[in-house]
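So that the names make sense, note that chain A is the first sequence line, chain B the second, and so on, each numbered from 1. The shown structure was predicted, so the numbers you read here are calculated from the model rather than taken from an experiment.
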There are 2 protein chains.
Amino acid sequence: MAIRQTDQTIHKAAWLYYTHGLRQDEVARQLNISRASVAMYLRKARETGIVNISTSTRMFTDDAIAREIEDLYGLASVWVVPHDGRALDPTAEVPIVGASVFLDLVRNGDRIGVAWGRTVYAMADAMSYADLNDVTVVQMCGNLGAPYSYRPDQCTMEIARRLNAKGLNFYAPLVLTSERLARDLRAEPVIREQLASVAHCNLALFSVGTLDEDSHVVMCGALTAGEIHAMRDAGAAGVIAGQMIDASGALLDCDYNRRVISADLASIRSIGKRLMVVQEESKFVPLVAALSGGLCTHLVVSASLARRLRDERSGGTTDRAI
Amino acid sequence: MAIRQTDQTIHKAAWLYYTHGLRQDEVARQLNISRASVAMYLRKARETGIVNISTSTRMFTDDAIAREIEDLYGLASVWVVPHDGRALDPTAEVPIVGASVFLDLVRNGDRIGVAWGRTVYAMADAMSYADLNDVTVVQMCGNLGAPYSYRPDQCTMEIARRLNAKGLNFYAPLVLTSERLARDLRAEPVIREQLASVAHCNLALFSVGTLDEDSHVVMCGALTAGEIHAMRDAGAAGVIAGQMIDASGALLDCDYNRRVISADLASIRSIGKRLMVVQEESKFVPLVAALSGGLCTHLVVSASLARRLRDERSGGTTDRAI
DNA sequence: CACGCGCTCTGACAATTGTCAATTCTTCGC
DNA sequence: GCGAAGAATTGACAATTGTCAGAGCGCGTG
C-alpha cells in the first residue's frame, strides 16, 4: 500500500511535469512534497520507463545508401550509422542505435525472440526502460556455461527487465556432445514448447557471429579453433542463434549443428519483424550470408559495412567516401 | 540543402543530448555551435517530434473501476480520469489523457479515421508532435461551414499535422437539404472513395454528441432546436460522426440521417481499434448508446461518468465516493 | 553595391534543476 | 516499548539550462 502510494505520486509528478509542463516547484506544491522529492521522483520515473524519452532514428535511415541496401537485399528497413569523425566511438554507436530502433518496433502484447552475443548484450545495456504491458521475451537458443555476461539467458533476462516483460528462459545447453542426446532433449516437453514458442513471436532480435578464433562459439568452449576452421572449409559462413549457416544463409549440414539446441531457421524466418544489428567490421561475410538467407527484415549496420554491402551487390558503382 | 544541414544538426544535437546524455555545452563543442543554439535546437526537436517525451497513462487504467467497465461493456481498454481535487481542471484533463492514449495507439503505417467535435479538437490541441512515417488521417464525415475551429476538416488537418501524416479531407457538406442530393453525392467517385477508405482504417478517434440545444449539430445550423427535440422523441440518443443513433447504438431511421454524408456505422465498427473520448457529464445517455452499439473498443472517460456507467450496468452495487 | 532579412553567435544573467549531507520518519528486532 | 538500521524527505548550494540583446555574417534583391 505504502508502495502504491509512492508509485501513484511518481506517476502524478511525471504527468504534471512532462505532460502539463509545470515546473518542479509547482508540482511540489500540488502534491505537497518538497521540490527535491519531485526531482527524485522524476528521475525514478525516467529510470523505470514511466516517462519515456525517445529520439527519432530517422537520421540513420535518411542516408541514400540505406535505401539502396533495402532495394538490393529486399529488406523492410535499414539504418546506417555513420562514422562520425571525432564525435563518438563509431562501433559503440551501432548497438545504441539498435536499441532505439528495437524499442521503436516493440508494442504491447508482443512476443519477442532474442538470441545472444556481444552486440545483443550491448543493446540490452543501452536500452532504456519501457513501461510496456503483456510483453514476453523468449530465449531463442540454448545456454552456455561461459562466464560471459552476455550469455543467452542474461541477454533475455536483461531485455525482459528493461521492457517490464516476462522472460522465458531456455533450460538446456546450447550444444551437446552427442547428436542422440540433443535429439532426445529436443523431444522433452519443456524444450519442445520453448522451441515451438519461437515461431509464435512477432519480433526477433539477433546479430550474426563470425567463424574466427575469437568467435563466441570458440570463446565459450563450444568449439575449438581447429574445429571452426574445419567448418569454414566445409562451407560455414556465419553463426545465427548458435547455428552454422553457409554462404546462402541455409543451415549447414554438419555434425555440430545436429548437436545444437536452438530455434530452427524456419521458425525464425516465420517471425514477422526480424531485427539484425551488426557492428563489427569483421562480420561482413557472415552478414552477407544471413542476408542471402533472408534471415532478417530490419537491419542496423555501420556505414562502412553498408558501403561494402552495396558494392557487393551493385558491382561497385559509385564508391566515394562519406 | 541549407535546411537539410540544419535538420541534420537538430537530429544530432537531440541524439547526443537525449540518447547519450551529454550536457548542452558538450553537445555544442561536438557540433561546433554555440550552447545557445543547442538549447534552441533542442526546443525545436521537442516541438517537431524529433524527440518524443511521453508519460505512461497506466495510472488511469489502474483504477479498479476501469477493469469493471471493461468487463461490463466488453471493451478492450478503459482509462478513467479522476477528479483530482484541487489539482487540475477535471474536464480539461480528459482530452489530454485522450491525446496521450491516442499517441500510444498510433503506429507507423497506420490509417486513422477521425470524426469531429469539441472534444476531438481539444485532443488535437493537446497532442504532442510525433515523428511518424507513412500515416494517413482520414476525415470520417462531411464538413460544416460553421465558423468553429473544430470543424471536421480542421480536426483532421490538425491531427495530421501533429503526426506528420497525410490528411485526407472530405469535400462534401455533412448534411444536405434533400435525400436525393445526398444519395447522388455519395455516388460521386471522390466521395465514394473517401467513404470506402474509412473501412480500411485500423484506428478511429471520435467522441459522441448530445441532442441538446447546445449540441454541435444545432450550433452549426444542421438542425434547429425544434428538430432535435423531435428526433429525441423519435428515439435518438446520441450523435456519432454526425449521425443520429438510438439507445441501442443503431442508426436511427430518420430523414436527417438519410441526408447526411458520413462513414456508415458498419464501416466504423470494422475498424480494429476505436478510441472514444468523452468528457462532458451531459453526455451520459449518448455514451451508453454508443457503448451499447459496440461502437468503440477503447474508452477514455471522467471518473464520474465511469461511476455512472458502472452503476448503470451492475445495478448500483458499491457507490462510495472517490 | 548598399540594403534588409534571416540566421547564428556571444556573453551574461536569471530561472530552473540536480545533488548531497543532514534530518525526520518507518520499520523492525529485541 | 525502545533503539537502531534503513528509507524517505528536506534545505541549501552548485550546476545546468533558458533567454535575451546586440553584433556579425551570408545572401538574395533592388
Side-chain angles (χ1 to χ4, degrees), chain A residues 1-56 58-59 62 84-88 96 126 128-129 131 161 164, chain B residues 1-56 58-59 62 84-88 96 126 128-129 131:
Chain A
M1 260 305 153
I3 298 165
R4 285 224 68 56
Q5 172 57 40
T6 306
D7 215 49
Q8 273 293 92
T9 313
I10 295 180
H11 269 91
K12 276 189 197 169
W15 183 259
L16 292 172
Y17 186 77
Y18 286 107
T19 302
H20 280 273
L22 302 195
R23 272 183 280 110
Q24 293 189 355
D25 55 344
E26 297 179 297
V27 176
R29 215 172 316 131
Q30 289 269 346
L31 302 177
N32 273 103
I33 52 179
S34 73
R35 200 191 56 73
S37 295
V38 173
M40 194 201 74
Y41 287 165
L42 293 179
R43 180 157 32 75
K44 230 176 239 179
R46 285 186 303 260
E47 282 167 359
T48 55
I50 289 172
V51 165
N52 191 296
I53 303 184
S54 65
T55 310
S56 159
R58 187 189 292 261
M59 67 185 284
D62 268 356
D84 217 355
R86 70 230 120 56
L88 304 153
I96 296 177
S128 58
Y129 289 77
D131 180 57
R161 197 168 71 84
N164 187 33
Chain B
M1 258 306 152
I3 298 164
R4 286 227 67 57
Q5 173 58 39
T6 306
D7 214 51
Q8 272 293 89
T9 312
I10 296 180
H11 270 91
K12 278 189 196 171
W15 183 259
L16 292 171
Y17 187 77
Y18 286 107
T19 303
H20 282 273
L22 301 194
R23 271 185 279 112
Q24 293 189 356
D25 54 344
E26 298 179 296
V27 175
R29 216 172 316 131
Q30 289 270 347
L31 302 178
N32 275 103
I33 54 179
S34 72
R35 198 188 59 73
S37 296
V38 173
M40 193 198 75
Y41 286 164
L42 293 178
R43 180 158 31 76
K44 229 175 242 180
R46 286 186 302 261
E47 282 167 359
T48 55
I50 289 172
V51 165
N52 188 288
I53 303 184
S54 65
T55 310
S56 160
R58 188 190 292 260
M59 67 186 283
D62 267 357
D84 217 358
R86 70 227 120 56
L88 303 154
I96 296 176
S128 58
Y129 289 77
D131 179 57

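Between A:Thr48 and A:Asp131 there is no side-chain heavy-atom pair separated by less than 4.5 Å.
Atom CZ of B:Arg29 and atom P of D:dT17 are 12 Å apart (whole Å). Counting to the nearest Å, the C1' atom of D:dT10 and the CG atom of A:Asn32 are 14 Å from each other. Look at CG on A:Leu42: it is 13 Å from P on D:dT9, rounded to the nearest Å. Taking atom CZ on B:Arg43 and atom C1' on C:dT8, their separation rounds to 14 Å, with Å as the unit. Distance B:Met40 CE to D:dG18 C1': 13 Å, rounded to the nearest Å.
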Taking only nitrogen or oxygen atoms into account, show me every contact under 3.5 Å that the protein makes with nucleotides 11-16 of chain D, one pair per line with its distance.
unit_1	atom_1	unit_2	atom_2	d
D:dT16	OP1	B:Arg23	NE	2.7

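A donor and an acceptor atom, one from each side chain of A:Tyr129 and A:Arg161, are located under 3.5 Å apart.
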Problem set entry | Trace of the side-chain contact (heavy atoms from CB on, under 4.5 Å) decision for B:Val51 with B:Tyr17 | CA-CA 10 Å; B:Val51 165; B:Tyr17 187 77; over 6 Å; no
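Separation of atoms CD (A:Glu47) and NZ (A:Lys44) is listed at 8.5 Å; rounding is to 0.5 Å. Annotation: the span from B:Ile33 atom CD1 to B:Arg35 atom CZ amounts to 11.0 Å, rounded to 0.5 Å.
Applying the side-chain contact (heavy atoms from CB on, under 4.5 Å) test between B:Leu16 and each of B:Leu42, B:Val38, B:Val27 identifies B:Val27 as the sole match.
Considering only side-chain N and O atoms, A:Tyr41 lies nowhere under 4.0 angstrom from the phosphate OP1 or OP2 of D:dA8.
Within the nucleic acid shown, A:Ile33 comes within 4.0 Å of sugar-phosphate atoms alone, with no base atom in reach, counting heavy atoms only.
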